[in-house]
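Down below is the structure, laid out as structure tokens.
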Number of protein chains: 2
Amino acid sequence: MPAARFQRRKEARPAEITQAAMEAFAEKGYDGTRVDDVAKRAGVSKGLLYLYFKTKEELFKAVIKSFVTPRISAFRSSVTDTDLSAEAFLRGPFLEFAKSIPKSPVRILVRLLVAEGPKHPDLTAYYWDNVASLGIDALRQIVEKGVRNGEFRESALNEFPQLLVTPVLFSVVWSIVFETHQSLDTDRLLESHIELVLAAIEIRHDEDDSR
Amino acid sequence: MPAARFQRRKEARPAEITQAAMEAFAEKGYDGTRVDDVAKRAGVSKGLLYLYFKTKEELFKAVIKSFVTPRISAFRSSVTDTDLSAEAFLRGPFLEFAKSIPKSPVRILVRLLVAEGPKHPDLTAYYWDNVASLGIDALRQIVEKGVRNGEFRESALNEFPQLLVTPVLFSVVWSIVFETHQSLDTDRLLESHIELVLAAIEIRHDEDDSR
DNA sequence: ACAATTGCTGACTCATTGGTCATTAAGGGC
DNA sequence: GCCCTTAATGACCAATGAGTCAGCAATTGT
């Protein structure tokens, strides 16, 4: 009696394929990835993949969405739920979150989005609506809370909360491009940036002013 | 007498082809660009293109090199030649340079480098040696001059001069990804960043310290 | 046990495209 | 004006890879 050549596992397939695709895209980029490879990684045939995803492009979009949405919503609720001061939040949870990104698979998304974004306008629209604008919104909440509480002065950060995360993107791009040639201590870069920003906007009540 | 079907212009061809390729790569990315398209844009046959460039990849590398090298060396000499104070240089020439990047064709290079870099290790090595490290070096010179002259205090910028340009990269990536969906006033973002950084590191001799 | 259902396979098609090469003709030298 | 060198052409080849489909076999129902 021959071992079964496959099992029918309708429920599990999409997630398995998505996961495999993420890995493949991460290694080779969109164009560099063969649909057949994704299928092999997922342990299924190419035909089956096409049963769950109409085209390679649709698979690509599914990958992006499935990976990015959970992370951003986790970050947002950490912002709204915290009872830390704005400064403490920036030095603590925010910094941890920032540090984790250049090391996590999420960094791959940046590569994919930069490389393929222009070809998929609906994908970038989705990304704006469900990721970027929400993230910026959360950052603004932190800054405004700091101002409300008298921790921070009004500053450019009120208008451009993005300035809090520009080094995150920098770290990600650096690690993608120079990975093999030149290492960068992204943790310390990010810490330094927070220090710099805080030095600029903090209202120091309890510090020696006369130095 | 039939019009000549072509002219022989050995000298001019490489530059023409490189220029055409830059435009094509800018629009479609590396994989999305057909060699035949590049040839048509340049007004030559595909065969001729292969007479000047051995492969598509070699053409790609030639494009990157020809566009990026002049810009970086211009920036470097502006740093060494200036007699402005460090602060004035940052507010003036540096800011102008930064503002120009998200609007110039150079931003395309970022897309190409992020997307294709991992596939071409020798290219990223070249880029590191001849662009990135030189740029960082120039930035560090500015910061150190500021410290030497008593304009700036020692800060994280001494170790990570990159922090001066992270918003430039951010602006470039933003404009690539969200071009059509969401505009960003990159000029003001960059100005704000410089203000923020200066506020953090400036030693204010002539300011009310007792507030 | 048998049939009906349907998840799954993989060989096939067909369009696409990087790269080649035999041929053509422009233009300099005499 | 006529060679002769070589810049330039474009039809062609071989490979590749996205997407299809006819059939097969794991389950489910009875």
Side-chain angles (χ1 to χ4, degrees), chain A residues 1-64 112 115-116 119-120 123, chain B residues 1-25 27-64 112 115-116 119-120 122-123:
Chain A
M1 166 217 215
R5 299 201 320 173
F6 57 85
Q7 287 105 40
R8 316 170 112 199
R9 294 178 32 250
K10 190 180 175 175
E11 319 306 327
R13 296 305 190 197
E16 286 170 7
I17 293 169
T18 299
Q19 175 67 38
M22 176 68 176
E23 289 164 22
F25 287 143
E27 278 175 30
K28 312 261 195 176
Y30 179 79
D31 287 298
T33 296
R34 309 292 124 228
V35 173
D36 222 353
D37 273 11
V38 174
K40 278 204 185 70
R41 272 182 206 252
V44 300
S45 67
K46 190 164 64 156
L48 184 63
L49 190 155
Y50 274 97
L51 218 69
Y52 290 103
F53 301 93
K54 262 224 250 304
T55 63
K56 186 185 179 185
E57 181 174 340
E58 204 184 83
L59 170 63
F60 176 63
K61 292 177 187 172
V63 168
I64 301 269
L112 293 175
E116 309 301 329
K119 264 185 264 178
H120 311 280
L123 182 64
Chain B
M1 166 218 208
R5 298 203 317 168
F6 56 85
Q7 287 103 42
R8 316 172 115 205
R9 296 184 21 254
K10 191 181 174 174
E11 318 307 328
R13 295 307 190 198
E16 286 170 7
I17 293 168
T18 299
Q19 174 66 39
M22 175 69 176
E23 288 164 21
F25 287 143
E27 278 175 31
K28 312 260 195 176
Y30 180 79
D31 286 298
T33 296
R34 309 293 124 229
V35 174
D36 222 353
D37 273 10
V38 174
K40 279 205 184 69
R41 271 183 207 252
V44 300
S45 67
K46 189 164 64 156
L48 184 63
L49 190 155
Y50 275 96
L51 218 70
Y52 291 104
F53 301 93
K54 261 225 248 306
T55 64
K56 186 184 180 185
E57 182 175 341
E58 204 184 85
L59 170 62
F60 177 63
K61 292 177 188 174
V63 167
I64 301 268
L112 293 174
E116 310 301 329
K119 266 185 261 176
H120 310 280
D122 54 326
L123 182 64

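Letters A, B, ... are given to chains in the order of the sequence lines, protein chains preceding strands, and every chain is numbered from 1.
- By the 6.0 Å and 45° rule, A:K10 does not stack over the aromatic ring of A:Y52.
- The separation between A:K56 atom NZ and D:dG19 atom P is 8 Å, rounded to whole Å.
- At C:dC8, none of the side-chain N or O atoms of A:R9 fall inside 4.0 Å of OP1 or OP2 (strictly under the cut-off).
- Across the protein-nucleic acid pair, A:Q7 atom CD and C:dG7 atom C1' stand 12 Å apart, rounded to whole Å.
- Residue B:K10 is the one, among B:K10 and B:K46, whose nearest nucleotide of DNA chain D lies closer to the 5' end (criterion: closest heavy atom).
- Ring-plane geometry between B:F60 and B:F25 is classed as perpendicular, the angle between the planes exceeding 60 degrees on a 0 to 90 degree scale with a lower cut at 30.
- Within the structure, a side-chain polar atom (N or O) of B:Y52 is placed less than 4.0 Å from OP1 or OP2 of D:dA8.
- The main-chain N or O of B:R34 is never found under 3.5 Å from a side-chain atom of B:K28 such that the two would form a donor-acceptor pair.
- Here A:R34 does not reach the OP1 or OP2 of D:dT16: none of its side-chain N or O atoms lies under 4.0 Å away.
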Side-chain donor-acceptor distances from residues 16-23 of chain B under 3.5 Å, at least two apart:
unit_1, atom_1, unit_2, atom_2, d
B:E16, OE1, B:R13, NH1, 3.3
B:E16, OE2, B:R9, NH2, 2.3
B:T18, OG1, B:P14, O, 2.8
B:Q19, NE2, B:E23, OE2, 3.0

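- Partners of A:Y50 according to the ring pair (Phe, Tyr, Trp, His ring centres under 6.0 Å) rule, which considers only residues two or more places apart in sequence or in another chain, do not exist here.
- A salt bridge is defined here as a Lys NZ or Arg NE, NH1 or NH2 lying under 4.0 Å from an Asp or Glu carboxylate O, and A:K119 with B:D31 fails to meet this definition.
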Every protein N/O lying under 3.5 Å from an N/O of nucleotides 23-25 of chain D:
none

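- Atom P of nucleotide D:dG10 and atom CG of B:L49 are separated by 14 Å, given to the nearest angstrom.
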